[in-house]
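Reviewing the structure listed below.
Naming: A, B, ... by sequence-line order, numbering from 1 per chain. Because the structure is a prediction, the values reported are computed rather than measured. All values below come from the heavy atoms of this structure, side chains included, with hydrogens, waters and symmetry mates left out.
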Amino acid sequence: MDFEKAFEPGRIEERWYTHWMKLGVFTAHLDSPRPPFSMAIPPPNVTGRLHMGHALNNTLQDILARWRRMRGDDVLWLPGTDHAGIATQMVVDRQLAKEGTGREALGRDAFVRRVWQWKEEYGGAIIDQLKRLGCSCDWTRERFTMDPGLSHAVREAFVRLHEAGLIYRDKFIVNWCPRCRTAISDLEVIPQETQGHLWTIRYPLADGCGGIEVATTRPETMLGDTGVAVHPEDDRYRSLIGKTVALPLVGRALPIVADPFVEREFGTGAVKITPAHDPNDFEAARRAGLPSLVVMDEQGRMNDNVPEAYRGLDRFEARERVVADLRAQGVLVSVKDHLHNVGRCQRCNTIIEPYLSTQWFVRVKPLAEEAIRAVADGRVRFTPAHWVNSYNEWMGKIHDWCISRQLWWGHQIPAWHCETCSEINVAREAPAACRRCGGRVLRQDPDVLDTWFSSALWPFSTLGWPDDTPDLRRYYPTTVLVTGFDILFFWVCRMIMMGLRFMTVAPFRRVYITGLVRDAEGQKMSKTRGNVVDPLELIDRYGADALRLTLAAMATPGSDLPLSEERMVGYRAFANKIWNAARFVLLNLGETRQVDAPPPLPPRDRLRVEDRWILSRLARLEGTVEERLGDYRFDETANALYQFVWHEYCDWYLEIAKPHLLPGAPPIEAARTRAVLVHVLDAVLRLLHPVMPFITEDLWQRIPHRGETIALSPYPERDEAHIDEPAEREVALLMEIVVRVRNIRAELNIDPTRRLPLLYHARDRETAEMIAANAATIATLARLEGVRAAADLSATGPAARAVAQGVELAVPLAGILDLEAEKRRLSREIEKLAREREGHARKLQNAEFLGKARPEIVDKARRIHRELQEKIERLSRTVESLG
RNA sequence: AGGCGCGUAGCUCAGGGGGAGAGCGCUACCUUGACACGGUAGAAGUCAGCGGUUCAAAUCCGCUCGCGCCUACCA
C-alpha cells in the first residue's frame with residue numbers, strides 16, 4: 001500500500017468525487033421508505049465565481065446533507081444557478097463593448113441569444129467549483145432560473161398574483177439607474193454617506209410681496225418643481241399657504257401647500273416639491289393634487305420639459321448651470337456643506353435618480369402579513385433567533401415591490417399590449433387576440449421581471465410547480481435554508497411570502513443565517529481593499545477538507561468569521577494528523593489487512609482499561625456530535641471532533657497502544673489493540689466525513705470492509721454500553737501521574753532520555769492495585785525505569801515529589817537533584833494551589849452558601865477544598881524536608 | 001433617529017449562575033519506529049467600566065463607554 005508520510009489533498013479529491021458520482025451517492029430516492037431531508041441551494045449567479053460566502057454556506061449545507069444521508073435519510077440537496085438579470089446582462093454588454101459593438105446594434109433577440117451562448121460557455125464555472133468543495137448536490141436535478149419549467153412557474157405565479165389583484169401596473173416614482181437604464185427595487189439601492197451641499201434658494205411670491213426660501217441638495221430638480229410645501233402649523237409660513245410663487249429660471253407659477261411631512265427644523269422649513277424626482281415629493285404632490293413633471297430622460301439628461309438652456313445636459317452639468325444661473329439672478333441665498341445619504345446602484349455604483357415611470361408592482365402587504373404570522377407561530381424558525389427582529393422590522397414596514405426591469409435578459413413580463421385599444425392582456429401564453437377588442441396586433445410588454453421574482457419561487461419551482469409532481473409532494477417544504485443575512489430581505493422574506501401564497505406552507509422549516517467571512521483583520525473582503533481570499537486557491541494550497549473544517553469550526557451562530565491563514569494552516573495540520581494516525585493504525589494491521597472485514601472488537605472482559613476508556617470517550621463524542629449538529633452548532637461539532645482525535649485518540653490512546661504492537665508483545669494483546677484502534681479509527685472517519693469528506697473516504701477505503709463508500713456507511717451513534725465511568729476515572733488518574741512526572745522532568749531539566757524510577761503511595765488498596773496493573777503503561781509514557789509502590793515515601797531520600805489525585809509520587813534523584821530548583825518548582829505549585837484553595841475556603845465558611853446552594857455544589861466545593869488542602873500539606877512538608 | 005450584535009490570554013475567538021477555555025503565537029527541551037503539518041512541559045487574563053439581583057455573576061438585569069452592522073422619507 002502506498003501511504004505517503006504527509007497528506008496530499010490534491011491527489012485524492014477529484015478521484016473520490018468521481019467515485020461518488022459514479023455510485024450515484026448524491027441522488028435522492030423518491031421511492032425511499034426513509035424520511036426525506038431536503039434543501040434548495042441558494043442559487044449562485046451564473047456569472048459568479050465561488051467566493052468565501054459560497055464556500056461557507058455550501059460547506060454547512062453539505063455537512064448537513066452528508067450527515068443526514070449517513071443517518072439514512074433520503075437527502076435531496078437541489079442545486080442550480082440564477083440568471084441574475086442585470087449582472088449577466090452587464091457581463092455580455094462588456095463583452096460586446098470589447099468587440100466594438102453593443103446591445104442596441106445587435107437588437108433584442110440577437111442579444112438574448114448571445115447571453116444564452118455566454119451562459120452555455122461560461123455559466124457552469126461555479127458548478128464545477130461547488131464540486132471541488134465537495135458539495136453532495138443531486139446534480140440530476142440541477143436547475144436554472146430560466147429553464148422552461150421555471151419560466152413556466154414564473155408566468156403562472158405572475159398571472160395568479162395579477163388575477164388576485166396583487167400585481168398591478170402604475171405610474172410611480174421608482175429608483176432609476178441612469179447607467180443601467182432600468183428601474184431597481186429599494187433593496188438594490190445602497191445608501192452612501194456623502195459630503196454634499198445644501199443650497200438655499202429664494203422663490204419670489206407671484207404678487208411681488210416678498211418670497212419664500214427653500215433648501216435642496218439637488219438644485220437641478222427645481223426645473224421640475226410643481227409646488228412648495230410648508231408645515232401647516234408653522235407660524236412663519238401660515239399666511240403664505242395658498243399663495244403662489246414664481247419658479248426662478250422657469251417662471252412657472254407654483255402653489256404653496258401645507259403638508260405635515262415637512263420638518264420645520266430642517267433647512268428653511270419650506271420644501272420645493274418635485275413630484276417626478278423625489279419619493280416624498282411624489283407622495284406630497286399626490287396629497288395636494290399637484291401635477292408631476294418629468295425633467296430628465298432615462299439616461300439622466302435634462303429633457304424637453306426644461307428651458308432650452310438646460311436641455312440635453314447631464315443632471316450634474318445641469319446642477320452647475322442651475323446654481324450659476326440662480327446666483328446670477330441673486331436668488332441663491334446660501335450654500336452650505338451638507339453630509340447626507342446618497343443612493344447608489346448596487347450593480348454599477350451610479351447615483352440613483354428617483355424617477356417617475358410606469359412599472360409593475362407587487363402589492364406585498366397582504367403577503368407580508370401572513371409571512372410575519374408564519375414566523376411568529378414557529379412555522380419558520382431562525383437560527384440565530386435574533387434575526388427574527390430584523391425580519392419583523394422589515395416585513396412590518398414593507399412597501400410595494402417594483403418587479404419590472406428595463407432589461408432584455410430575464411423573464412419577459414407575460415402581458416401583451418393591444419395596439420388597437422391599449423388593453424393590457426396578462427396571460428400565461430401569448431394571446432391570439434385582445435380580450436377586449438379582439439384586436440390581433442399585440443405587443444408583449446418589453447420589460448423583464450426582477451431576478452428575485454423567480455428566486456422567490458425557487459423552493460417549489462425547482463420541484464416542478466405548478467404541476468403536482470412527486471418531487472414537489474415529497475420534498476416540499478424543504479427542511480432548512482442556509483444562507484447569508486445579506487439576502488435576508490432580497491430572497492428569504494420573498495420566498496416565505498411566495499411559498500405561503502402558492503403552496504400554503506412556508507418553503508422551509510428553518511433558516512440558518514451564516515455570518516460574514518472577513519479577512520484576518522476582521523475587515524470585510526472587497527475588491528477595492530484587495531483583501532479578497534479565493535476559496536479555490538485555499539483548496540489548492542490546503543485542500544478542500546481543511547477549508548471546510550476551518551469554516552465549520554469558525555461558524556459560531558451570530559458572529560462573523562475572520563479567516564486567517566494561520567488558522568487554516570492549523571486545520572491542515574489536523575488533516576495531516578488524522579492521516580498519520582490512520583497510517584500508523586493501518587500499517588500495523590499487518591496480515592489482517594487481507595480480510596474484507598476489520599478485526600472484531602473483543603468482548604468487554606477481554607479489554608484493558610485504556611480500551612474501555614477510549615470506547616467510552618468515543619461514545620460520548622458520538623452523543624455530542626449528534627446533539628450539536630442537531631442544533632446547527634457546526635463549530636462545537638468541529639471542535640469536539642478535533643479535540644477527540646488529536647488529544648485523546650492520538651495523544652493518549654495511540655501512545656498507550658504502541659508497546660502492545662511491538663514485535664515482542666503477546667499476539668493476543670496485539671490483536672486486541674489492533675481491533676480497538678481500527679474500531680475507533682473507523683468510527684472517527686465516519687464521524688468526520690460530513691465535515692472532511694475527501695480524506696475520510698480515502699482512509700476509510702484502506703480499512704478492510706465491504707462498503708463501497710463511506711458516504712453511505714451508517715453514521716456512528718452513541719452506544720450506552722460503551723459508557724464506562726470507572727474506566728474514565730482510572731485513565732484520568734494514569735494521565736495525571738504521567739503528566740506530573742513529565743512536569744518534574746521538564747522543570748528540573750532532567751535529560752529526556754534518562755529513565756527514572758517512580759515510587760508511589762496510594763491511600764487505598766484499590767488505587768494501588770490499579771496503578772500496579774498499569775505500571776508498564778505509566779512507565780512507557782513517562783519514560784520510567786520502573787514504578788514501585790512504597791509504604792512510606794518520606795524515607796526515600798532526595799526526590800522530586802508530586803501528588804496526583806491523592807496519590808503521592810516521588811522520583812528519587814540521588815545525586816542529580818537540584819535542591820533549589822526543586823524548591824522553586826514546589827513553591828510555585830503550592831502558591832497556585834493556595835490561591836485556588838482560598839476561593840473554596842471562603843465559600844465553605846459562608847453559612848448562607850452551605851444553607852442555600854444545591855447540596856451537590858456544596859459537596860463538590862468540599863471535595864475540591866479537601867484535595868487542594870491535602871496536596872498543599874504534602875508539598876509543603878516536602879519543601880520543609882528539603883531544608 | 002430606531003433596532004440588532006459585539007467587547008474574555010499577544011492575536012482570532014468559544015463558553016455562559018457554582019474550580020477562567022481553545023487554536024495560533026510565545027518560552028524551554030526533544031528528530032523517541034504514525035506525524036517537525038510532530039512531541040513534552042510551561043508562561044500569560046481586574047472575562048470593557050459602574051451599579052443591581054443572588055448564598056454565588058465573566059455568565060442574569062440596568063446604566064455608561066468603545067466598536068461593528070441593519071433599517072429609516074429630514075428636502
Side-chain angles (χ1 to χ4, degrees), chain A residues 3 5-7 191 198 214-218 221 229 261-268 270-274 278-284 338 340-341 384 386-387 389-390 392-394 397 485-486 488-489 516 520-522 524 542 546 553-554 556 558-567 569-588 635-636 639 642-643 650-651 654-655 658 661-662 738-739 742-747 749-753 782-783 836-837 839-840 842-843 846-854 856-858 860-861 863-865 868:
Chain A
F3 216 143
K5 257 180 103 165
F7 172 52
L198 190 64
V214 297
T216 180
T217 55
R218 295 183 301 148
T221 62
F261 95 97
V262 179
E263 295 285 338
R264 277 168 281 186
E265 294 74 32
F266 187 85
T268 61
V271 190
K272 58 193 263 320
I273 298 294
T274 321
D278 184 280
N280 294 313
D281 294 5
F282 179 76
E283 298 288 345
H338 182 60
H340 63 139
N341 277 330
H386 67 78
W387 282 106
N389 294 322
S390 301
N392 285 333
E393 196 188 327
W394 191 76
K397 47 183 160 185
F485 58 83
D486 50 328
L488 179 62
F489 305 138
L516 191 69
E521 277 73 49
K524 209 166 165 169
Y542 303 104
M554 299 204 312
T556 298
S559 65
D560 290 341
L561 298 76
L563 184 80
S564 73
E565 192 113 356
E566 288 169 354
R567 193 93 188 245
V569 169
Y571 287 116
R572 178 187 58 178
F574 177 71
N576 191 56
K577 190 76 181 175
I578 312 164
W579 179 265
N580 277 289
R583 186 164 176 266
F584 172 77
V585 172
L586 294 169
L587 292 178
N588 268 298
D635 57 334
E636 293 188 354
N639 290 334
Y642 182 101
Q643 172 67 29
C650 291
D651 285 355
L654 247 57
E655 294 305 324
K658 277 176 186 173
L661 300 173
L662 256 30
V738 169
V739 169
R742 285 172 177 169
N743 175 266
I744 288 171
R745 252 183 203 297
E747 298 262 324
N749 280 320
I750 295 167
D751 178 0
T753 59
R783 299 206 127 234
E836 263 185 74
R837 181 188 55 182
H840 295 279
R842 232 176 296 124
K843 267 198 221 172
N846 184 338
E848 279 189 292
F849 171 71
L850 299 173
K852 293 188 182 174
R854 290 202 313 276
E856 64 267 30
I857 298 297
V858 178
K860 196 174 164 193
R863 201 192 71 229
I864 295 167
H865 182 263
L868 289 167

With a 4.0 Å limit, can you tell me whether A/H338 has a side-chain N or O closer than that to the phosphate oxygens OP1/OP2 of B/A75?
yes
Which is true for [X] with a 4.0 Å heavy-atom rule: it touches a base, it touches only sugar-phosphate, or it touches nothing?
X: A/K843; answer: sugar-phosphate
X: A/K5; answer: sugar-phosphate
X: A/Y642; answer: sugar-phosphate
X: A/F574; answer: nothing
X: A/N639; answer: nothing

RNA chain B nearest-nucleotide lookup for A/T753 and A/N580: closer to the 5′ end is A/T753
Closer to the 5' end of RNA chain B via nearest nucleotide, is it A/A215 or A/P562?
A/P562
Between [N] and [M], how far is it from one [atom1] atom to the other, in whole Å?
N: B/G15; M: B/A57; atom1: C1'; value: 14 Å
N: B/G3; M: B/A22; atom1: P; value: 39 Å
N: B/C4; M: B/G10; atom1: C1'; value: 30 Å
N: B/A14; M: B/G23; atom1: P; value: 16 Å
N: B/C67; M: B/G49; atom1: C1'; value: 15 Å
N: B/G21; M: B/G16; atom1: C1'; value: 12 Å
N: B/G68; M: B/C30; atom1: P; value: 47 Å
N: B/C6; M: B/A44; atom1: C1'; value: 24 Å

B/G18 C1' sits how many Å from A/L850 CG, rounded?
13 Å
Once you round it to whole Å, what is the distance between P of B/U71 and CG of A/N341?
11 Å
Selection from [options] that lies nearest to any side-chain heavy atom of [X]:
X: A/K852; options: B/C55, B/C37, B/A34; answer: B/C55
X: A/A573; options: B/G18, B/A14, B/C37; answer: B/C37
X: A/E393; options: B/G3, B/C13, B/G15; answer: B/G3
X: A/R783; options: B/C24, B/G19, B/U32; answer: B/U32
X: A/R854; options: B/G18, B/C55, B/U71; answer: B/G18

Just say parallel, tilted or perpendicular for the rings of [X] and [Y], cut-offs at 30° and 60°.
X: A/F574; Y: A/Y642; result: parallel
X: A/F489; Y: A/W394; result: parallel
X: A/F485; Y: A/W387; result: parallel

Going by purine N1 to pyrimidine N3 plus the second Watson-Crick contact, or the G-U wobble pair, all under 3.5 Å, which nucleotide sits opposite B/G19?
none
Report yes if the side chains of A/N846 and A/L850 come closer than 4.5 Å at any heavy-atom pair, otherwise no.
no
Pairwise side-chain contact, A/Y571 with A/N576, heavy-atom cut-off 4.5 Å (strictly under):
no
A/K658 to A/F584 six-membered ring, cation-pi geometry met (6.0 Å, 45°):
yes
